[in-house]
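Have a look at the structure below before the remarks.
The chains referred to below are lettered A, B, ... by the order of the sequence lines, with proteins before strands, and numbering in each begins at 1.
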Amino acid sequence: MIALLKRDLTLAFRAGGGFGLGLAFFLIVTVLVPFSVGPQSSLLSTIAPGVLWLGALLACLLSLDRLLALDWEDGSLDLLATAPLPLESVVTIKALAHWITTGLPLVLAAPVLGVLLNLPVPGFFWLVVSLALGTPALSVIGTFGAALTVGLKRGGLLLSLLVLPLYVPTLIFGAEVARRGATGMETATPLLMLAGITAATIALLPFASAAVLRVNLR
Amino acid sequence: MTLTVTNLAITRGGVPVLEGINFALEPGKALILRGPNGIGKTTLLRTLAGLQPPLAGVIDGAEDTVAYAGHSDGLKPTLTVVENLRFWASVFGAADIQSALDAYGLNELADRQAGNLSAGQKRRLGLSRLLVTGRPIWMLDEPTVSLDRNAVAMFADAVRGHLGQGGSALIATHIDLGLDGEVLDVGPYKAKPKPIDDFDGGFL
Amino acid sequence: MSIASKANALWEYANPKKFLTTTERVLPFFWISSAVFIVVGLVWGFFFTPDDYKQGSTVKIIYLHVPSALMAINCWIMMLATSLVWLVRRHHVSALAARAAAPVGIVMTLIALATGAIWGQPMWGTWWAWDPRLTSFLILFLFYLGYVALWEAIEDPDTAADLTSVLCLVGSVFAFLSRYAVNFWNQGLHQGASVMRVGAVTGTDTEEKVSNIFFFPLLVCIIGFVLLFIALVFYRTGTEIRARRIKALIARERVNG
């Protein structure tokens, strides 16, 4: 299992692996926001938590179609399916690798981008906490979407269509934590809900992902 | 480990392609699959490897014993030869990759990125993976594609060595590898058109 | 007849031929009765009930809004049930029924959203508000879209049935979660003005009970929509079965040739 994680991370960091693409996308989206809504800092600081959450979510979405498709095309998935590793572990590791290469950098970069959008000071802590807690769920849900569409020629667009509705609860609770944190309100309830969603998706969704991957492999 | 196949029927894209397949593959033996293109050799190998469910019949002895090599080698172009091989070795819990490198003459290519290899070199690397799996039954789908005569000899030696250690191999190929194995001509097993299941049976 | 044999009798309809012959026999009944119920319900509701003292005649859109909203949700629940049947018992008709129901569900969702907007305009002074109930329906619509798109994208029918069934299962859980998340996120306008909560309609919620004058024509409309839904799903499932039959025949030809 560690070998698979190590390989996926190595692949991501090597040339053409796409590491940093999500981060760059996140940066550009954030920079574009003031151009579209105007530069008033009061407006920006109001919408900053939501915009940053949405930007992070879209950046997560960006790299999903490569998550399993590359291994599918070069036959690695066939070989992994016949390996002693259960497919449930394979998809979990894949999601973890996706989180480390996409989610984690987003979490770390979010405060910097928060400065650009004039995020209120108490919001920084809660933004990082909510993203750290929520992005793993985004990766796991995204892996499910990637497993559904892995055999399709132009699966990318369909993948977004399938995954985005599934992102709704995570987005609502995650952005709510950041929003409440930024305005100094109590954050415990949405934080617990967010943690619950993340824990439940990590525990259960890999079984669904492995099941649909098995269907797609046959 | 003897692989026993009893009355196996397989489908491709929902259409039955082969049926009534029976054979036993004993340790130390090789079985060569022959048959025209499109008859279902690949589907048969994938079914036996557990990648797709059979339509009917029993496959015994294929659980966690099969090393499968299909048309693509599962190589990552940005990893070096050694890294590619070491990955599969650790997935299958093997430590030693040196003998696999030796067997296919990959030592001088060890630090090259797999993406820079020629088609034949890639194939050699893909086949060397079988040696690090430690699995007793090899299932090979046209393994000699893009191999030169020299490399084919390496491959044949590797298979012979595997058989000598009590392994077995099921190989779909059209060239003569000089192995003393039985030949299974799948042509006669071509499925007769008939309903796949009760769904189509409701109509046809 | 014992319960076990009754259950077996139900599974007989998993045979496509049996399903087709039976539905063809009962379909005219469903078409006609749904038309009768809907026409009677709408005419009764529109012309023979008084205007609401607060809402005026706009309240009468309830006769379209509530039945379509109910069917939009029930349709998804039916798809969930038939998907489970497919995953567990591998009855093709079941998977095809789920496929056939989805577009009906989409249309019902759209009718509910559109009538809701038309009703909301004079009531709340806006066509659209990010009210939890409205938002939930919008999300349900997105789930329907993804489900149908996945069916359309996959060529092999059994693979498509498997993948969409799992999506329906996972989607149901997430749709349910979204419903609660959305409630949490915005308490909303709709809740207070809820003449259409199930509790209100069935009378369990006495304070906001819809008065009987509105309730009976509404009930007639709901029955009409249920019958219409059944008729549409039977009809569309029949079409799907025939399409599968053509595919099977073509495949047979190919094997022969």
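Within the 4.5 Å cutoff, side-chain heavy atoms of A/Leu70 are placed close to those of B/Lys76. Side-chain contact between A/Asp74 and B/Asp73: absent, with no pair of heavy atoms (C-beta onward) separated by less than 4.5 Å. You'll find the side chain of A/Phe13 stays beyond 4.5 Å of the side chain of B/Thr78, heavy atoms only. A/Leu4 has its side chain within reach of B/Phe87: a pair of non-hydrogen atoms, C-beta onward, lies under 4.5 Å apart.
When the heavy atoms of residues 120-136 of chain B are compared with those of chain A, the residues falling under 4.5 Å are B/Arg129, B/Arg135, listed by number.
Remark: A/Arg7 CZ is packed, more than 12 non-hydrogen atoms of other residues, nucleotides or ligands lying under 6.0 Å away. Other residues, nucleotides and ligands contribute more than 12 heavy atoms inside 6.0 Å of the CG atom of A/Leu108. Residue-environment remark: CZ (A/Phe207) stays at or below the threshold of 12 foreign heavy atoms within 6.0 Å.
When the candidates A/Leu85, A/Leu77, A/Asp71 are compared by the number of heavy-atom contacts under 4.5 Å with chain B, A/Asp71 comes out ahead. Put simply, of A/Asp78, A/Val215, A/Leu217, A/Leu79, the one with the most heavy-atom pairs under 4.5 Å next to chain B is A/Leu79.
Residue pairs meeting the ring-ring contact (aromatic ring centres under 6.0 Å, His included) criterion with at least one member in residues 40-86 of chain B: none, sequence neighbours excluded.
Here A/Arg14 pairs with B/Glu83 in a salt bridge; the nearest charged N to carboxylate O distance falls below 4.0 Å.
The structure places CZ of A/Arg214 at 11.0 Å from CG of B/Leu51, a figure rounded to the nearest 0.5 Å. Atom OG1 of A/Thr10 sits about 6.5 Å away from atom CG of B/Leu79, to the nearest 0.5 Å. Here the CD atom belonging to A/Glu73 is positioned 10.0 Å from the OG atom belonging to B/Ser72, to the nearest 0.5 angstrom.
Contact annotation for A/Leu80: both backbone and side-chain heavy atoms come within less than 4.5 Å of a heavy atom of chain B. For a residue to count as touching a neighbouring chain, one of its non-hydrogen atoms must lie under 4.5 Å from one of that chain's; by this rule B/Leu75 touches chain A with the backbone only. Of the two parts of B/Val91, the backbone and the side chain both hold a non-hydrogen atom closer than 4.5 Å to a non-hydrogen atom of chain A.
The two residues B/Phe92 and A/Thr82 have their closest heavy-atom pair at CE2-O, 4.3 Å.
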